[in-house]
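Below is one structure; the comments refer to it alone.
Values below: every heavy atom of this structure, side chains too, minus hydrogens, waters and symmetry copies.
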Amino acid sequence: MSRAVVEGYFAAINADRFDDLADVFAPDVEIHTVGAEPVHGRDAALDHFPALLANYVEHDDRVTRWIEAPGAVVCDIAFRGRLTDGRSVAFEALDVFDVVDGLIVRVCTWFDTHDVRRQVRPRQVPCGSCHSRITVLASPPPNDR
């Protein structure tokens with residue numbers, strides 16, 4: 001039962017069906033991600049994921065290993081994505097899920113924050129007319145322009 005609810009979590013995340021997360025999160029779910037403030041409650045969690053993934057035109061959390069225990073699931077993750085400006089992002093992560101009565105009550109995620117920041121930070125490019133460097137932020141996807 002625990003693995004099935006976690007599989008539902010990844011199916012929702014990977015398909016950008018964030019409202020479907022309401023079916024797998026307990027009302028008092030906690031989301032803990034290394035380097036970020038915790039997210040408390042189902043409504044806040046449902047808002048969290050679209051904001052977190054807003055600068056990606058594609059993304060995939062692929063589970064490469066499952067470790068299961070009563071009430072807990074641990075997943076090794078291979079994240080692959082592409083930002084709105086076309087850059088690729090790839091990193092490994094570890095997710096730990098606590099499951100009670102068929103619902104996720106806690107998610108803890110660890111990854112190399114330095115590596116991810118390096119990959120997603122705004123790019124510095126030369127300014128064609130003034131010979132200085134300008135910051136280029138990720139642009140919106142083509143269909144949002």
Quick one: do T64 and I77 satisfy side chain to side chain contact (heavy atoms under 4.5 Å, CB included)? Show the steps, please. CA-CA 6 Å; T64 59; I77 306 298; over 6 Å; no

Hits for side-chain hydrogen bond (donor to acceptor under 3.5 Å, both in side chains) against D61, two or more places apart or cross-chain, chain-then-number order -> none

Evaluation steps, side chain to side chain contact (heavy atoms under 4.5 Å, CB included), between I31 and F25: CA-CA 10 Å; I31 310 293; F25 284 153; 4.0 Å; yes

Here the pair of heavy atoms bringing V57 nearest to L83 is CG2-O, 3.8 Å

Open item on the list: If you define the side chain from C-beta out and look only at heavy atoms, does anything of V96 sit under 4.5 Å from V107?
Closed with: no

Taken in chain and number order and not counting sequence neighbours, the residues that satisfy side-chain hydrogen bond (donor to acceptor under 3.5 Å, both in side chains) with H48 are none

Residues 95-119 vs ring pair (Phe, Tyr, Trp, His ring centres under 6.0 Å), sequence neighbours excluded, gives Y9-F97, F10-F97, F91-F111

**Prompt:** So, D85 and R87, do they make that salt bridge, N to O below 4.0 Å?
**Reply:** yes

Between V73 and S2, the two heavy atoms sitting closest are CG2-CB, 3.7 Å

Give the intermediate values and the outcome of side chain to side chain contact (heavy atoms under 4.5 Å, CB included) for residues I104 and V5.
CA-CA 7 Å; I104 297 168; V5 75; 4.1 Å; yes

Review point. Looking at side-chain heavy atoms only, is the closest gap between D95 and V74 below 4.5 Å?
Key: no

When rounded to the nearest 0.5 Å, the distance separating NE2 of H59 from CG of N14 is 7.0 Å

In short, Q119 meets V89 closest at the heavy-atom pair OE1-CA, 3.2 Å

Hits for side-chain hydrogen bond (donor to acceptor under 3.5 Å, both in side chains) against R118, two or more places apart or cross-chain, chain-then-number order -> D115

Side chain to side chain donor-acceptor pair (under 3.5 Å) pairs touching residues 68-82, sequence neighbours excluded, are R3-E68, E58-R82, R65-D76, R80-E92

- Query: With a 4.5 Å limit on heavy-atom distance, are the side chains of D16 and F49 in contact?
  - Reply: no

query: Does R106 use its side chain to pair, donor to acceptor, with the backbone of E30 at less than 3.5 Å?
result: no

Tightest non-hydrogen contact, residues T84 and A54, listed as CG2-O, 4.3 Å

D20 meets the side-chain hydrogen bond (donor to acceptor under 3.5 Å, both in side chains) criterion, sequence neighbours left out, with R17

Scanning both residues in full, the closest heavy-atom pair of L21 with A12 reads CD2-CB, 3.8 Å

What one should report as the nearest heavy-atom pair of V63 and C75 is CG1-CB, 4.0 Å

